[in-house]
Structures are given as structure tokens and as C-alpha cells.
Amino acid sequence: MVREIYESELKELLELYLNLHEDTVPKMTDNLKATWNTIIKDENHHIIVNEIDGRIVSSCVCVIVPNLTRGIRPYAFIENVVTHLDYRGHGYATECLNYAKSISEQNNCYKMMLLTGSKKEATLKFYESAGYNSSDKTAFIQWLE
């Protein structure tokens, strides 16, 4: 079942992120709690999960960004697309991305953007099959310490 995350599911989400690029589940600090509270209360920040047999197996984040161009239409930014290793290849992430697209359309977004650090051909083909392309724009990243 694809849906938005419940406030009580932070621990499960952080455990799923071990399949993304995290090495450990962070400690439940005041900073983590405050960040989670900010995210959960932000109507433009959507954490989408796919739950199978009571377990969150896939997720993505969709942030709707207000915008002053393109007819004052917002855009969507997709991040943290992940599926648990044991559940890959079943379309669960695609379902999350489709849900994000629906949210983006409901918010009258004119585009959706997604960045990936992966160079794996299978990952790139996955995003292409989900409707994304890498030819329209060039992304630049500046990492901050």
C-alpha cells in the first residue's frame, strides 16, 4: 500500500535508509526529533512509503517548492528514493514515484526533478522508465561541510 508516512514511523524510515547510503541509524537526539517535527508539519514535504505486509519496504521524498516563474507554478523535487534490498525488482519504488507524481500534479507543478548519485546502468534505466530524462538539464552539486 502506497501512502504518506505516519509520524510514528520515523524509526522504520531510518532503518530503511540503511539501504540507501546510511551506515547506521542515527541516535534519537533533540536535533533529530526537531527535524522530524519540522518535516511532518510541512505541508510541502511529503515522505511517501510503500508498505508490504506491515513493513515499509520502499520510500521517496517529494518536496513541493513554491516558485515565482512558469506562471507562478511550483515544481517538485524528488529525493531519497530507496527500496529495501530484499524487496527490489517488484515495482515498489515505481509506485512511490507515481504517488509523488500524483502529489505534484495535484499541486499544479510544472516539473519534477530527481538527482541520483548512481552511475549504475540499471538505476539510470529505472529512472528513465519512470519518466525522467537526463538530457533536459544539467545538474551541479556543491557539497557543504
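Cluster membership check: Y127 does not share its hydrophobic cluster with L115, using side-chain heavy-atom separations under 4.5 Å among Ile, Leu, Val, Met, Phe, Trp and Tyr. Transitive grouping of hydrophobic side chains (ILVMFWY, heavy atoms separated by less than 4.5 Å) keeps V49 and I52 in distinct clusters. Note on F77 and F140: separate hydrophobic clusters, where clusters join Ile, Leu, Val, Met, Phe, Trp and Tyr whose side-chain heavy atoms are under 4.5 Å apart, directly or indirectly. Neither Y110 nor I78 shares a network with the other; the hydrophobic side chains, linked directly or stepwise wherever heavy atoms of I, L, V, M, F, W or Y lie under 4.5 Å apart, form separate groups for each.
The number of heavy atoms from other shown groups lying within 6.0 Å of CZ (R70) does not exceed 12. The number of heavy atoms from other shown groups lying within 6.0 Å of CG (L68) does not exceed 12.
Rounding to the nearest 0.5 Å places CD of E43 at 8.5 Å from CG of N107. Atom CG in N108 sits 11.5 Å away from atom CD1 in I72 (nearest 0.5 Å). The OH atom of Y17 sits 4.5 Å away from the OG atom of S59 when rounded to the nearest 0.5 Å.
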Using atom types as modelled, flag every donor-acceptor pair under 3.5 Å from a side chain in residues 118-125 to any protein atom, sequence neighbours excluded.
from: S118; atom 1: OG; to: K120; atom 2: N; distance (Å): 3.1
from: S118; atom 1: OG; to: T123; atom 2: OG1; distance (Å): 3.4

List, one per line, each side-chain donor-acceptor pair under 3.5 Å for residues 79-87, sequence neighbours excluded.
from: T83; atom 1: OG1; to: S58; atom 2: OG; distance (Å): 2.8
from: H84; atom 1: ND1; to: D86; atom 2: N; distance (Å): 3.0
from: H84; atom 1: NE2; to: R55; atom 2: NH2; distance (Å): 3.0

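Smallest separation of non-hydrogen atoms from N50 and Y92: ND2-O, 3.2 Å. Heavy atoms only, all atoms of each residue included: C62 and S104 are closest at SG-OG, 3.7 Å. Of all heavy-atom pairs between L32 and K27, the closest is CD2-O, 3.4 Å. Scanning both residues, Y75 and C109, for their nearest heavy atoms gives C-SG, 3.8 Å.
Taking 4.5 Å as the limit, some side-chain heavy atom of W36 sits within range of a side-chain heavy atom of I47. No side-chain heavy atom of R73 sits under 4.5 Å from any side-chain heavy atom of N67. The closest side-chain heavy-atom distance from L114 to L97 is below 4.5 Å. Using a 4.5 Å cut-off on side-chain heavy atoms (C-beta onward), P74 and V65 make no contact. The closest side-chain heavy-atom distance from H45 to V61 is below 4.5 Å. Side chains of E12 and E51 form no contact here, defined as non-hydrogen atoms less than 4.5 Å apart.
Formation of a donor-acceptor pair under 3.5 Å by the N133 side chain with backbone atoms of S135 is found in this model. Checking side-chain atoms of D42 against main-chain N and O of I39 turns up no donor-acceptor pair under 3.5 Å. Judged by distance alone, the side chain of N44 and the main-chain N or O of V63 form no donor-acceptor pair under 3.5 Å. Side-chain N or O atoms of H21 include none that pairs as donor or acceptor with a backbone N or O of L18 at under 3.5 Å. When atom types are taken as modelled, the side chain of E9 and the backbone of Y6 share a donor-acceptor pair closer than 3.5 angstrom.
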Can you list the steps and then say if E15 with I56 is a side chain to side chain contact (heavy atoms under 4.5 Å, CB included)?
CA-CA 9 Å; E15 289 171 356; I56 294 175; over 6 Å; no

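When hydrophobic residues (I, L, V, M, F, W, Y) are linked wherever their side-chain heavy atoms come within less than 4.5 Å, the members clustered with I103 are V2, I48, I64, Y99.
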